[in-house]
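Heavy-atom basis, side chains included; hydrogens, waters and symmetry copies ignored.
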Amino acid sequence: MASTRVVNSALITLLVVVTSACGTTESEHRMGASNGMPSFPNETVSDLVSYADVVVVATVTAEREGSSDVDPGDGNRYVGRVLTFRVDYRVWSAKGAPQPGADFELTTFGWDQRKGGAKKRRLLTDVIWYEKGQQYVIPLSRYEDGSLAIPSVDSIVPVSRTAVFGSGEKWTAATPALAALAFKTPAELTRTLSVARPDPLAAKYHDLNPGLRWRKVVEERASTTSAQAPSR
């Protein structure tokens with residue numbers, strides 16, 4: 001499959017976990033990831049094509065402040081960050097998968113602000129800091145309501161080698177799957193994803209949304225393990 005430049009127009013909203021000064025905002029916990037831990041396996045490219053429905057290359061075109069939380073004890077504030085992405089290329093999609101439009105928004109980690117002070121970037125060592133004008137490789141999964149969302153907060157990888165984490169440290173891939181997608185051209189991404197084969201068990205439940213698909217895989221593996229266990 002050749003990479004496809006996206007020209008249609010629509011808007012989808014993607015939400016990730018936002019950790020405020022007071023804790024995690026569960027209402028923005030769209031896909032079940034927590035503190036950078038994936039909702040689904042993302043160790044290999046096979047894992048990715050087992051649970052993602054489409055992978056795009058998108059550019060950050062704008063940012064704005066999102067919702068904020070104020071700590072009633074010290075008055076310090078956490079400010080969310082809402083990014084607008086332009087979808088430049090659709091580099092892979094599963095058969096029959098819904099497609100994204102030309103633009104979407106992503107609510108992600110933002111800033112901490114001490115009472116009366118200036119905003120400072122939230123220092124996170126495992127979540128990328130998105131820069132306006134930079135491109136990123138973004139996997140998307142469909143859910144029960146037909147919307148698209150990223151499978152985990154650490155599943156987005158940069159195209160640029162200058163990318164950093166929120167802490168300011170140079171971005172590094174946490175898994176072989178992320179390493180295989182980072183710093184690649186659209187054509188290279190398409191080749192990498194097109195030759196990957198999904199987990200046969202996940203493929204068995206392809207018609208289910210990824211959340212239910214993963215649940216079925218976990219249940220079936222548990223059942224198989226239980227059946228193979230020696231009786232006492």
Please enumerate all residues that pass side chain to side chain donor-acceptor pair (under 3.5 Å) together with Thr59, with sequence neighbours excluded. Arg86, Asp88

Honestly curious: do Val82 and Phe104 fall in one hydrophobic cluster under the side-chain, below-4.5 Å linking rule? no

If you compare all heavy atoms of Tyr78 against all heavy atoms of Gly110, which two are closest, and at what distance to 0.1 Å? OH-N, 3.0 Å

So which heavy atom on Ile150 is nearest to which on Leu106, and how close? CD1-CD1, 4.3 Å

Compute the centroid of each ring, for Trp129 and then for Phe165, and state whether the two points are separated by less than 6.0 Å. no

Smallest separation among heavy atoms of Tyr136 and Glu131, with atom names: OH-N, 2.8 Å

What residue pairs, at least two apart or across chains, pass side chain to side chain donor-acceptor pair (under 3.5 Å) with a residue in residues 195-205? Asp199-Arg221, Lys204-Glu220, Tyr205-Glu220

Considering only NZ, NE, NH1 and NH2 on the basic side and carboxylate oxygens on the acidic side, decide whether Glu63 and Lys132 come within less than 4.0 Å. no

Closest heavy-atom pair, Leu83 versus Val60, reported as atoms and distance to 0.1 Å, is CD2-CG1, 4.2 Å

Count the heavy atoms belonging to other residues, nucleotides or ligands that lie under 6.0 Å from NZ of Lys216, then report whether that count exceeds 12. no

Any side-chain donor-acceptor pair under 3.5 Å between Thr44 and Ser46? no

Using the rule that Ile, Leu, Val, Met, Phe, Trp and Tyr join whenever any side-chain heavy atoms are under 4.5 Å apart, tell me whether Val79 and Tyr130 fall into a single cluster. no

Locate the shortest heavy-atom distance separating Gly168 from Val164; write the atom from each residue and the value. O-CG1, 3.7 Å

